[in-house]
Amino acid sequence: MKVLQINIFGNLSTGRIAVDLYNVLKENGHDGLVAYARNTISNGVPHYVIGSMKNVYIDALFTRITDRAGFFSTSATVKLIEKIKQYDPDVIHLHNLHGYYINVEVLFDYLKKCGKPVVWTLHDCWAFTGHCCHFSAIKCDKWKTGCYKCPQKHSYPASYVDHSKNNYLKKKELFTSIENMHIVTVSKWLEEVTKQSYLKSYPIETIYNGIDTSVFKPTKSDVKKRLNIENRKIILGVASTWSPNKGLRDFIKLSKMITEDYIIVLVGVNRKQIKTLPNNIIGLSRTNNVNELVELYSAADVFFNASIEETFGLPTVEAMACGVPAIVYDCTALPEVISAESGKIVEANNVELVWKEIKNIFKNPYNSEQIIKNAKHYEKNDQYKKYLLLYEKIVDKEKREKLARKGK
């Protein structure tokens, strides 16, 4: 079986998932190819680079001017389709199609004509909105019937104008045109939301993002010594980017409440944000070094995910796999990954309650072995083998249907 995956990133973010999926395919005797546009990819992973960074910048510029994310990069998409034809996969697996690198109209016209089985993993909500990737924070439900007058046109993928109404109608037309497509969501929350969208006619199931528990595990290091905080308790926060909805403001509020024996460490802040942080918050830039991340998780005393929009919450699970209790807000997908044995769920943006629960964690410590046991539910090999079963099911179905058509 041959599976071609299409994603914005190589190793970064959802790119790690695509690479892990390729490795599971290979380990089980199958073949795979990862097509991506940005970042790098692990050595040994067969890949195809979609377009160029120049193409990405041009696409981003046109998107900013027109609010038509996903409708540029025509030449790069045509070349990708030629690569797909050459590779001739049994399954085409889509991941994030936003990110200024692909033309969804050209791609879906091809997918409709070629008739190959398609799996589409939704990592956010962009596939069924007229503009945004997330809508929970502003409690918008226009996506259920038809977007217009988008209140988030200045949010990623940001634009000066509002084209959300036409985007919604065109995306609906394209994304519901494939006969043999299976939707995968990365949380039950996202599954239930997707079932309320125009994608509801497709089979939809949840396969959680996986982690490598042989890597994400309690690991000794000199992190506290290097950061000169050996006698302080670490409250850790991790994000790829710290947008307002990721909770940076809540961490700053928390910094005004904590006592001197605590310190907040935030991973993923940019240089501008680092300059604005108070003295009891240590800001670290994003790291692509997994070992560094594991050391930071392991050095933490509690992990706090202050996001109010999460379709899964991978850093929370990674922290728990390192034996660290977690505190999350009671919104979107985050409550799914927390159990009574691994952390606390608190009211969104209630920073006073967060501080109270942090203190309670030190008064009544969690069993780290139990936290780790809960995190192993997300072991990548267990989760991604579910994709193998899905691939095999839809390929077998396709073969049976072809035989039936020949027999007529």
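The first residue of the sequence shown is numbered 1, and numbering continues consecutively from there.
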Sub-6.0 Å ring centroid separation between Tyr391 and His30: no
Any donor-acceptor pair under 3.5 Å from Lys380 side chain to Leu21 backbone: no
Residue pairs involving residues 220-239 (criterion ring-ring contact (aromatic ring centres under 6.0 Å, His included); sequence neighbours excluded): none
Pair Ser339, Ser342: side-chain N/O donor-acceptor within cut-off below 3.5 Å: yes
Ring geometry between Trp120 and Phe175 (parallel below 30°, tilted from 30 to 60°, perpendicular above 60°): perpendicular
Distance-only side-chain donor-acceptor flag, Asp59 / Thr63, under 3.5 Å: yes
Mutual orientation of the aromatic rings belonging to Tyr387 and Tyr384 [parallel < 30°, tilted 30-60°, perpendicular > 60°]: tilted
Aromatic ring pairing Trp143/Phe128, orientation class (parallel under 30°, perpendicular over 60°, tilted between): tilted
Pair Glu295, Ser298: side-chain N/O donor-acceptor within cut-off below 3.5 Å: no
Centroid-centroid under 6.0 Å between Phe9 and Tyr101 rings: no
Mutual orientation of the aromatic rings belonging to Tyr100 and Tyr156 [parallel < 30°, tilted 30-60°, perpendicular > 60°]: perpendicular
Contact list for residues 182-202, test ring-ring contact (aromatic ring centres under 6.0 Å, His included), sequence neighbours left out: Tyr168-Tyr198
Set of residues satisfying side chain to side chain contact (heavy atoms under 4.5 Å, CB included) with respect to Leu353, sequence neighbours excluded: Val346, Asn350, Lys356, Glu357
side-chain hydrogen bond (donor to acceptor under 3.5 Å, both in side chains) between Tyr208 and Glu336, worked out: CA-CA 10 Å; Tyr208 288 111; Glu336 288 180 46; 2.7 Å; yes
Under 3.5 Å donor-acceptor, Ser307 side chain and Glu309 backbone: yes
Salt-bridge criterion met for Lys116 and Asp90 (N-O under 4.0 Å): no
Distance under 6.0 Å and angle within 45° of ring axis: Arg232 vs Tyr262: no
Ring center gap for Phe72 and Phe62 short of 6.0 angstrom: yes
